[in-house]
2 protein chains.
Amino acid sequence: MSKRIKLTVAYDGTAYCGWQIQPNGITIEEVLNRTLTDFLGEEIRVIGASRTDSGVHARGNVAVFDTESRIPSDRLSYALNTQLPEDIRIMSSEEVAPDFHPRYRDSVKTYEYHIDNGRFPDPVRRLYTHFVPAKLDTEAMRKAAAWLVGTHDFASFCASGSQAKTTVRTVREINIFSESDEVLIQAKGEGFLYNMVRIIAGTLIKVGLGVYPPDHVKEILEAKDRGKAGETAPAKGLLLKNIEYKKID
Amino acid sequence: MSKRIKLTVAYDGTAYCGWQIQPNGITIEEVLNRTLTDFLGEEIRVIGASRTDSGVHARGNVAVFDTESRIPSDRLSYALNTQLPEDIRIMSSEEVAPDFHPRYRDSVKTYEYHIDNGRFPDPVRRLYTHFVPAKLDTEAMRKAAAWLVGTHDFASFCASGSQAKTTVRTVREINIFSESDEVLIQAKGEGFLYNMVRIIAGTLIKVGLGVYPPDHVKEILEAKDRGKAGETAPAKGLLLKNIEYKKID
């Protein structure tokens, strides 16, 4: 009897060309497929929830696969972690319904965008933060972010080349945290367009620098034109923190 | 006229064989000497405050050197950061008195020992934390740490091979912070013996795991025997946060 297993996957994206298998470099999906296939002795193809870009990190991406294995589902994480490179870890493993699909189920994703706002880039955080040396006005960033919360057409915040049928999305929360030299943008939503969180981060950074007044974000949103928003902030500052599913049966 | 410059140096110790020049690998001191010599066109030899071990990180180590250069002292950090590898950064540069010596002046050093106390090691923090999967009792660790604060003979907490004249040291504070899956041991003192912070961390981890009761640390201290304390915790969890000098004239 085949069963479907859900993995919560954490990784340091520094050394990978993102999640999705591609010809030009090693990806998370490829390492998972290879490791699972070798370990279980069956041909395994995982289905990922979020196909994160090259250099993006995750603490809680989700992948599912089907297996004939009799290894208890919750023990798989321990076994797999002994086989994986140290920059990829399975944080949990559990059995889910055979029709559970990580992209087609309702879910809330939480992303974090980490900014090093010190005078010089901190070497210890350099791989996981985007360095912005000028002091950010986090109060202005909070005001700007408020325009983005809710259900909107986010065409201005979607990279060209996206195959999404609609650019309407619902953002549940955007929180801006600031502690000593670090500024953190936390975005929660039911789904994000291609590069959307990084374009939001790039735009909010421009607000924080005083380039855009906070209310300008309303105009960017209404323009429905990618050219109006800020730059796509660098991948290394982005972390997919977790994906919560409403119901896993 | 020669002047003495004090640098505050941050580094990711992962790729280095520690601070001090040695034959078997590249060190922070060596990279600083080479970069300063090339950039200033004078033979430069820095004097470091703390000769951190292989793999140890720093946000605020201190180095001084003498130069004939006329570059304004506070601008040197900007110039040097364009020449250094990205895992070493000069966080500030300033002129100090010609007799200022970073090791012989009174100072307070703050070290942090970072523990990943999650179920599986977080890939994004793996290079900067020591992973301890069993839940640590931080209240017990706090009680144990209290025995170490003050002026004591720390012979039990000093690696063999140390050339220190005395093993008496003053620890000003040891704080244990805990947030989600991270436990942080912060130690402040006027000077630490060789490996002392890592042996304190290894010992407090044993207390946190319930191997030692908190009061056992008093017995370890009184034994004045390195064999009685816990293991030296791994280098990668240690960060030299800063060094405060009482007076720089």
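In what follows, every chain begins at residue 1, and chains take the letters A, B, ... in the order their sequences are listed.
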Point to revise | Other residues, nucleotides, ligands: >12 heavy atoms within 6.0 Å of A:Y194 OH | key: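 For A:Y194, atom OH is not crowded (no more than 12 foreign heavy atoms under 6.0 Å).
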Review point. Is the count of non-hydrogen atoms from other residues, nucleotides or ligands lying under 6.0 Å from A:K241 atom NZ greater than 12?
Key: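 Open.
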Check your understanding: Between the main-chain N or O of B:N33 and the side-chain N or O of B:R45, is there a donor-acceptor pair closer than 3.5 Å?
Key ->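 No, the answer is negative, given that no donor and acceptor are paired below the 3.5 Å cut-off.
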Point to revise | Worked check of side chain to side chain contact (heavy atoms under 4.5 Å, CB included) between A:I200 and A:Y113 | key: CA-CA 10 Å; A:I200 289 175; A:Y113 197 87; over 6 Å; no
Is there a side-chain contact between [X] and [Y] (heavy atoms, below 4.5 Å)?
X	Y	value
A:I185	A:I174	yes
B:E94	B:S77	no
A:Q22	A:Q20	no

Check your understanding: Do any of residues 121-137 of chain B come closer than 4.5 Å to chain A, heavy atom to heavy atom, and if so which ones, in number order?
Key -> B:P121, B:D122, B:P123, B:V124, B:R125, B:R126, B:L127, B:Y128
Point to revise | chain A-proximal positions within residues 63-75 of chain B [heavy-atom distance under 4.5 Å] | key: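 At a heavy-atom separation under 4.5 Å, chain A is reached by B:D74.
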Atom group of [X] that falls short of 4.5 Å from chain B, counting heavy atoms:
X	answer
A:L239	side chain
A:T14	neither
A:N81	side chain

Practice item. Please lay out, stage by stage, how A:I176 and A:L184 fare under the test side chain to side chain contact (heavy atoms under 4.5 Å, CB included). Key: CA-CA 6 Å; A:I176 317 281; A:L184 172 63; over 6 Å; no
Practice item. Might you work through the side chain to side chain contact (heavy atoms under 4.5 Å, CB included) test for A:D106 and A:E190, ending with a clear yes or no? Key: CA-CA 7 Å; A:D106 284 348; A:E190 281 147 51; over 6 Å; no
Review point. Checking side chain to side chain contact (heavy atoms under 4.5 Å, CB included) for the pair A:V197/A:K109: CA distance, chi angles, key distance, verdict?
Key: CA-CA 11 Å; A:V197 181; A:K109 291 189 176 114; over 6 Å; no
Exercise for review: State plainly whether the residues B:R4 and B:E95 are in salt-bridge range, i.e. N to O under 4.0 Å.
Suggested key: no
